[in-house]
Novice: 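For reference, the structure I am asking about is given below.
Here the structure is a predicted model, which means the values were calculated and not measured. Reckoned from all heavy atoms, side chains included, excluding hydrogens, waters and symmetry mates.
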Amino acid sequence: MFSTLFDKVTGLFDKRFVLGLLLPALAFAAGVACLAVTMTGWTRALAWWQHLDGTRQVSLGVAAAAAIVLAATITGSQVNAMTRALEGYWRWEWADKVLGGPGRRFEGWRKRRLAQDASDAGYLRSSRAFGSGEVKRIMPTRLGNVLRTAESYPGDKERWELDAVFWWPRLYLVLPDSARSQVDDARAALDQLIVLAWLSGAFAVVALALTGAGLALPVGLGCAGGGLLLSRAAYQAAVTSAAAFGELLRACFDLYRGDVLKQLGWAMPPTLAEERELWAALGQQLYRRGVSTARDALLKAPRQPPPAAPAAGP
């Protein structure tokens, strides 16, 4: 009965929501329910369920399905916050002192160790993890450094001097469908692993709490250990997925930034230095509603019309 209800509910959502949020939420709820039933006794729980009439069983099944969908929806709204927490952006000063300091020292040691490998493979690993000079501040986690390196790539003064955080939403809207689909799939894979890491860690905490409340010690500690191991494995996989996502971000800025200029009405400047000046002027104009006197002439120059929309078919 419950599986039929769940199948009907999942049919209302897209594949990314089901795989990335709904199934992990279902697994977490099922795991916690199994621990609770184990603590109270399976025979007693089964007798209680069989004692209920059909209407109450259906009502509980619908309520459980609705609660899981609601939990998955709420979790989805917090994925960015979960990601930033795993990156090392912590709101509390004490957390940054207690965890951030040792984390940055360890990541600094790892950066120096990777830099000692002068081979091509060593340079690739170092550049993906910490960049090739554009990242000044080391984050306290491996995930934070991988994503910060990708974000810093277009803003490097030796490249385009583009603020990735500001320009990425505009670039995303002009990406071809094939490129946007690859970016979306890579981001969905990363989000799924982030959610799995958090829910696995939360399951370990619940298992420890239930152990203190009376759950058998071998069961509670075993489930807590398994949850922590799964959380660690999901985090490591998220770092790898973030590296792949970062490569796509770099490629999008390299290949399609000119399309943003076309949509804004500017042609690609003939030299790299002029392109950097134009990006700086546009960034000032769009973000601060004005530019410096030296860059004002760039924006007052005649613009080309935006590309025409494709003609409708017969």
Novice: Compare all side-chain heavy atoms of Leu208 with those of Leu221 and state whether any distance is below 4.5 angstrom.
Specialist: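 Yes, close enough: below the 4.5 Å cut-off.
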Novice: Taking side chain as C-beta onward, heavy atoms only, is Glu161 less than 4.5 Å from Glu275?
Specialist: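 SC-SC contact between Glu161 and Glu275 ruled out.
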Novice: Say you draw a straight line from CG of Leu282 to CH2 of Trp266; how long is it, rounded to the nearest 0.5 Å?
Specialist: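 Going from CG on Leu282 over to CH2 on Trp266, the span is 5.0 Å.
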Novice: Does a donor on one side chain and an acceptor on the other come within less than 3.5 Å for Asp254 and Tyr153?
Specialist: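 Present: a donor and an acceptor within the cut-off.
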Novice: Would you indicate whether the side-chain heavy atoms of Phe203 and Cys223 approach each other to under 4.5 Å?
Specialist: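 The answer is yes, as the side chains (C-beta and beyond) meet within the 4.5 Å cut-off.
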Novice: Honestly curious: do Tyr256 and Leu286 fall in one hydrophobic cluster under the side-chain, below-4.5 Å linking rule?
Specialist: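 Yes, because Tyr256 and Leu286 connect within a single hydrophobic cluster, where side-chain heavy atoms sit under 4.5 Å apart.
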Novice: How far apart are the closest heavy atoms of Pro140 and Gly88, and which atoms are they?
Specialist: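 Closest approach of Pro140 to Gly88: CG-CA, 3.7 Å.
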Novice: To which residues is Trp94 joined in a hydrophobic cluster, defined by side-chain heavy-atom contacts under 4.5 Å among Ile, Leu, Val, Met, Phe, Trp and Tyr, whether direct or through other members?
Specialist: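 Via sub-4.5 Å side-chain contacts, Trp94 links to Trp90, Trp92, Val98, Leu99.
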Novice: Stepwise, does the side-chain contact (heavy atoms from CB on, under 4.5 Å) test hold for Ile68 with Phe28?
Specialist: CA-CA 9 Å; Ile68 292 173; Phe28 175 78; over 6 Å; no
Novice: What are the two closest heavy atoms between Ala224 and Ala204, and how far apart are they?
Specialist: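 Of all heavy-atom pairs spanning Ala224 and Ala204, the closest is O-CB, 3.4 Å.
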Novice: What are the two closest non-hydrogen atoms of Phe245 and Leu190, and how far apart are they?
Specialist: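 Scanning both residues completely, I find the closest heavy atoms to be CD2-CD2, 4.3 Å.
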Novice: Kindly compute the distance separating CG (Leu210) from OG1 (Thr38), expressed to the nearest 0.5 Å.
Specialist: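 Atom-to-atom, Leu210:CG and Thr38:OG1 are 9.5 Å apart.
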Novice: Any link between Met139 and Leu143 through a network of hydrophobic side chains (Ile, Leu, Val, Met, Phe, Trp, Tyr) touching at under 4.5 Å?
Specialist: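 Met139 does not cluster with Leu143.
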Novice: Does a side-chain N-to-carboxylate-O contact under 4.0 Å join Asp191 and Arg187?
Specialist: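 Judged by the 4.0 Å cut-off on N to carboxylate O distance, Asp191 and Arg187 do form a salt bridge.
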Novice: Quick check on the hydrophobic clustering: are Leu193 and Leu228 connected, directly or via other members, by side-chain heavy-atom contacts under 4.5 Å?
Specialist: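 No, separate clusters.
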Novice: When hydrophobic residues are tied together by side-chain contacts of less than 4.5 Å, even through go-betweens, does Leu162 share a cluster with Leu264?
Specialist: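 Same cluster: Leu162 reaches Leu264 through Ile, Leu, Val, Met, Phe, Trp or Tyr contacts under 4.5 Å.
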Novice: Flag the pair Val146 / Arg128 as yes when at least one side-chain heavy-atom distance between them is below 4.5 Å, and no otherwise.
Specialist: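 When only atoms from C-beta onward are counted, Arg128 and Val146 do not touch, as no gap falls below 4.5 Å.
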Novice: Can Val205 be reached from Met82 by stepping across I, L, V, M, F, W or Y side chains whose heavy atoms are under 4.5 Å apart?
Specialist: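 No; Val205 is not reachable from Met82 via cluster members.
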Novice: Using every non-hydrogen atom in the two residues, find where Leu278 and Ala267 come nearest and quote the distance to one decimal.
Specialist: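 Scanning both residues, the minimum pair turns out to be CD2-O, 4.1 Å.
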Novice: Any cation-pi pair here, Arg170 with Phe166, using under 6.0 Å and within 45°?
Specialist: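 Yes, Arg170 and Phe166 form such a contact.
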Novice: Using the rule given for side-chain contact (heavy atoms from CB on, under 4.5 Å), can you reason through Ser200 versus Tyr235, listing the C-alpha separation, both sets of side-chain angles and the distance that settles it, and then say yes or no?
Specialist: CA-CA 10 Å; Ser200 300; Tyr235 175 79; over 6 Å; no
Novice: Does Glu107 pair with Arg110 as a salt bridge, N-O distance under 4.0 Å?
Specialist: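 A salt bridge links Glu107 with Arg110.
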Novice: Is there a side-chain contact between Pro154 and Trp279 in this structure, where contact means two heavy atoms from C-beta onward sitting under 4.5 Å apart?
Specialist: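 Heavy-atom side-chain distance check fails, nothing below 4.5 Å.
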Novice: Just verifying a value: how many Å separate Leu171 CG and Asp259 CG, rounded to the nearest 0.5 Å?
Specialist: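 Between Leu171 CG and Asp259 CG, I get 8.0 Å after rounding to 0.5 Å.
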Novice: Just verifying a value: how many Å separate Leu175 CG and Cys252 SG, rounded to the nearest 0.5 Å?
Specialist: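 Between atom CG of Leu175 and atom SG of Cys252 there are 4.5 Å.
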Novice: So, does Ser59 use its side chain to make a donor-acceptor pair with the main chain of Thr55 at under 3.5 Å?
Specialist: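 Yes; judged by distance alone, with no hydrogens or angles, the pair exists.
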Novice: Indicate the atoms forming the closest heavy-atom contact of Gly220 with Ala207, along with that distance.
Specialist: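 Residues Gly220 and Ala207, closest heavy atoms: O-CB, 3.7 Å.
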Novice: For the residue pair Thr75 and Gln78, confirm or rule out a side-chain donor-acceptor distance under 3.5 Å.
Specialist: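 There is no such pair between these side chains.
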Novice: Asp185 versus Arg16: any side-chain heavy-atom pair under 4.5 Å?
Specialist: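 Side chain of Asp185 against side chain of Arg16, heavy atoms only: contact under 4.5 Å found.
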Novice: As an exercise, state the distance from CG of Leu60 to CD of Gln57, rounded to the nearest 0.5 Å.
Specialist: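 One gets 8.0 Å once the value is rounded to the nearest 0.5 Å.
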Novice: For the residue pair Ser231 and Ala197, what are the closest heavy atoms and their distance?
Specialist: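 Between these two residues, the closest heavy atoms are OG-O, 2.8 Å.
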Novice: Taking the side chain as C-beta and beyond, is there a heavy-atom pair between Arg180 and Asp184 under 4.5 Å?
Specialist: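 Yes, their side chains come closer than 4.5 Å.
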Novice: Quick one: does Asp53's side chain have a donor or acceptor within less than 3.5 Å of a partner on Arg56's backbone?
Specialist: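 Yes, Asp53 side chain to Arg56 backbone: donor-acceptor pair under 3.5 Å.
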Novice: Between Gln192 and Leu19 (side chain of the first, backbone of the second, donor and acceptor by atom type, cut-off under 3.5 Å), is there such a pair?
Specialist: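 Present.
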Novice: Quick one: does Trp198's side chain get under 4.5 Å of Pro24's, heavy atoms only?
Specialist: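 With C-beta onward as the side chain, the pair stays apart.
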Novice: Taking NZ, NE, NH1 and NH2 as the nitrogens, is one of them in Asp96 or Arg104 under 4.0 Å from a carboxylate oxygen of the other?
Specialist: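 Answer for the salt bridge query: yes.
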Novice: Honestly, is Arg276 close enough over Trp160, meaning NZ or CZ under 6.0 Å from the six-membered ring centre and within 45° of the axis?
Specialist: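 Judged by the rule (NZ or CZ under 6.0 Å from the ring centre, within 45° of its axis), Arg276 is not positioned above Trp160.
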Novice: Would Thr141 and Leu86 satisfy side-chain contact (heavy atoms from CB on, under 4.5 Å), going step by step from the backbone distance to the final call?
Specialist: CA-CA 7 Å; Thr141 69; Leu86 292 181; 5.7 Å; no
Novice: Any chance you could measure Phe130, atom CZ, to Arg112, atom CZ, to the nearest 0.5 Å?
Specialist: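 If we round to the nearest 0.5 Å, Phe130:CZ and Arg112:CZ are 10.0 Å apart.
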Novice: Please evaluate residues Leu196 and Leu199 with respect to the criterion side-chain contact (heavy atoms from CB on, under 4.5 Å), reporting the C-alpha separation (whole Å), side-chain torsions for both, the decisive distance (0.1 Å), and the verdict.
Specialist: CA-CA 5 Å; Leu196 182 59; Leu199 290 183; 5.6 Å; no
Novice: Which residues pass the side chain to side chain contact (heavy atoms under 4.5 Å, CB included) test with Ala45, sequence neighbours left out?
Specialist: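 Expected list: Val37.
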Novice: Are any side-chain N or O atoms of Ser181 and backbone N or O atoms of Asp177, one a donor and one an acceptor, separated by less than 3.5 Å?
Specialist: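 Looks like no, no N/O pair under 3.5 Å.
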Novice: For the residue pair Arg148 / Tyr89, report whether a side-chain donor-acceptor contact shorter than 3.5 Å exists.
Specialist: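 Checked: Tyr89/Arg148 side chains pair up, N/O donor to acceptor below 3.5 Å.
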Novice: Once the angle between the rings of Trp168 and Phe253 is folded into 0 to 90°, is it parallel (under 30°), tilted (30 to 60°) or perpendicular (over 60°)?
Specialist: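 Tilted: the ring planes of Trp168 and Phe253 meet at 30° to 60°.
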Novice: Return the set of residues passing side chain to side chain contact (heavy atoms under 4.5 Å, CB included) with Ala71 (not counting sequence neighbours), or none when no residue passes.
Specialist: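 With sequence neighbours excluded, Ala71 shows a side chain to side chain contact (heavy atoms under 4.5 Å, CB included) to no residue whatsoever.
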Novice: Taking everything shown except Asp120 itself, do over 12 heavy atoms lie less than 6.0 Å from its CG?
Specialist: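 No, because the 6.0 Å sphere around CG of Asp120 holds 12 heavy atoms or fewer from other groups.
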